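Structure first, commentary second.
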Amino acid sequence: MKSIEVKGSLRTETGKKSAHELRRNNTVPCVLYGAKKDENGNTSVTHFAVPVENLRKLVYTPHIYIVDLNIDGKIYNAIMKEIQFHPVSDKILHIDFYEINEANPIAMEVPVQLEGLAEGVKAGGKLVLQIRKLKVKALYNVIPERMVINVTNLALGKTIKVGDLHYDNMELLNAKDAVVCAVKLTRAARGAQAAAAK
């Protein structure tokens with residue numbers, strides 16, 4: 001997986017008023033949830049802020065990244081866990097990051113990439129990707145940039161479900177019966193089938 005550096009600075013104040021002020025200055029309030037827990041079993045939380053410009057390559061991309069978070073010179077390895085956008089303007093309102101612990105699996109969504117020419121497409125069907133990202137749980141250094149699915153043997157009217165997929169050292173968290181991709185009958189394929197049946 002590729003990595004990307006994001007520079008931010010610690011927030012001295014938290015709360016709605018402070019967050020509103022940051023957004024007015026084109027800065028996004030963020031939270032980093034630590035990999036380790038304190039003696040009371042609580043996850044450490046770091047509040048920081050990042051200029052919008054520093055987030056563009058991370059947010060507006062089809063790629064997934066390990067994030068090298070540089071908060072006032074201290075580096076944390078993290079993943080972007082959750083992002084909130086304004087419902088009207090689509091501006092970034094808030095981002096949650098999770099610090100990576102090399103010994104603990106993480107869960108993240110990974111883009112799906114279909115490869116091969118499906119048998120059903122050769123027969124006149126249309127290949128449809130229904131799940132664009134699969135939710136994967138694994139050690140971060142095992143997670144690929146893409147979940148590659150070979151569709152060469154996928155026949156007309158057939159599907160590939162999450163339960164049909166298997167990857168070494170990775171657990172898929174989507175529902176087993178969720179359809180990832182399918183070869184759907186087109187009108188032309190239906191006509192050809194009807195003609196062949198006569």
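As the structure is a prediction and not an experimental result, all values here were calculated from the model. The figures that follow rest on heavy atoms only: side chains count, while hydrogens, waters and symmetry mates do not.
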Next item on the list: Kindly give the heavy-atom pair with the smallest separation between Ala175 and Val162, and that separation in Å.
Entry: O-CB, 3.3 Å
Check: Are the side chain of Tyr65 and the backbone N or O of Met80 linked by a donor-acceptor pair below 3.5 Å?
Finding: no
Notebook entry, point to check: Under 4.5 Å between any side-chain heavy atoms of Asn174 and Val180, yes or no?
Noted result: no
Check: Is a side-chain donor or acceptor of Thr61 paired with a backbone partner of His63 at a separation under 3.5 angstrom?
Finding: yes
Next item on the list: State plainly whether one hydrophobic cluster holds both Phe97 and Ile75, where clusters connect Ile, Leu, Val, Met, Phe, Trp and Tyr through side-chain heavy atoms under 4.5 angstrom apart.
Entry: no
Note to self: Using only atom types and a distance under 3.5 Å, with no angle test, would you say the side chain of Asp96 pairs donor to acceptor with the backbone of Glu82?
What the structure shows: no
Checklist line | Within-4.5 Å side-chain heavy-atom neighbours: Glu115 and Asn150 | finding: yes
Margin query: Does any part of the side chain of Pro144, heavy atoms only, come nearer than 4.5 Å to the side chain of Met170, both counted from C-beta?
Written below: yes
Notebook entry, point to check: Hey, does Val179 have a side-chain heavy atom less than 4.5 Å from the side chain of Lys161?
Noted result: yes
Item checked: Spacing of CD belonging to Glu102 relative to CG belonging to Asn77, to within rounding of 0.5 Å -> 7.5 Å
Notebook entry, point to check: Between the main-chain N or O of Lys7 and the side-chain N or O of Asn54, is there a donor-acceptor pair closer than 3.5 Å?
Noted result: yes
Notebook entry, point to check: Have Asn25 and Thr27 got a donor and an acceptor in their side chains that come within less than 3.5 Å?
Noted result: no
Item checked: Pairwise side-chain contact, Met147 with Leu172, heavy-atom cut-off 4.5 Å (strictly under) -> yes
Notebook entry, point to check: If Ile, Leu, Val, Met, Phe, Trp and Tyr residues are connected whenever their side-chain heavy atoms lie under 4.5 Å apart, and connections chain through other members, are Phe85 and Val28 in the same group?
Noted result: yes
Notebook entry, point to check: Just wondering, do Thr46 and Leu69 contact through their side chains at under 4.5 Å, heavy atoms?
Noted result: no
Checklist line | Nearest atoms (heavy-atom pairs only) where Ile64 meets Pro111 | finding: CG2-CD, 3.9 Å
Checklist line | Separation of Glu21 CD from Arg24 CZ (nearest 0.5 Å) | finding: 4.0 Å
Margin query: Is there a path of hydrophobic side-chain contacts, each under 4.5 Å between heavy atoms, that joins Leu173 and Ile79?
Written below: no
Item checked: Straight-line distance of Leu129 CG to Ile160 CD1, nearest 0.5 Å -> 10.5 Å
Note to self: Would you say NE2 of His86 has more than 12 non-hydrogen atoms from neighbouring residues, nucleotides or ligands within 6.0 angstrom?
What the structure shows: yes
Notebook entry, point to check: Roughly how far apart are Asn104 CG and Lys137 NZ, rounded to 0.5 Å?
Noted result: 9.5 Å
Next item on the list: Taking all heavy atoms of Ser9 and all of Ile71, pick out the closest pair and write down the distance.
Entry: C-CG2, 4.2 Å
Check: If you measure from OG1 on Thr159 to CG on Asp164, what distance do you get to the nearest 0.5 Å?
Finding: 6.5 Å
Check: Below 4.5 Å, heavy atoms only, C-beta onward: do Ile106 and Tyr98 meet side chain to side chain?
Finding: no
Next item on the list: Supply the atom-to-atom distance Leu117 CG to Thr152 OG1, rounded to the nearest 0.5 angstrom.
Entry: 7.5 Å
Note to self: On a heavy-atom basis, which atom in His94 and which in Val31 lie closest, and how many Å separate them?
What the structure shows: CE1-CG2, 3.7 Å
Check: Stepwise, does the side chain to side chain contact (heavy atoms under 4.5 Å, CB included) test hold for Ile92 with Ile83?
Finding: CA-CA 7 Å; Ile92 305 167; Ile83 183 165; 4.0 Å; yes
Next item on the list: Determine whether His47 and Pro29 make a side-chain contact, defined as any pair of heavy atoms from C-beta on separated by less than 4.5 Å.
Entry: no
Notebook entry, point to check: With the 4.5 Å side-chain cut-off for hydrophobic clustering, are Leu156 and Val128 part of the same group?
Noted result: no
Margin query: Minimum heavy-atom separation for Val151 and Gly116, please, with both atom names.
Written below: CG2-O, 3.4 Å
Next item on the list: Treat each ILVMFWY residue as a node, draw an edge where side-chain heavy atoms are under 4.5 Å apart, and state whether Leu93 and Val50 are in one component.
Entry: no
Check: So, for Val110 and Glu145, which heavy atoms are closest and what is the spacing to 0.1 Å?
Finding: CG1-O, 3.7 Å
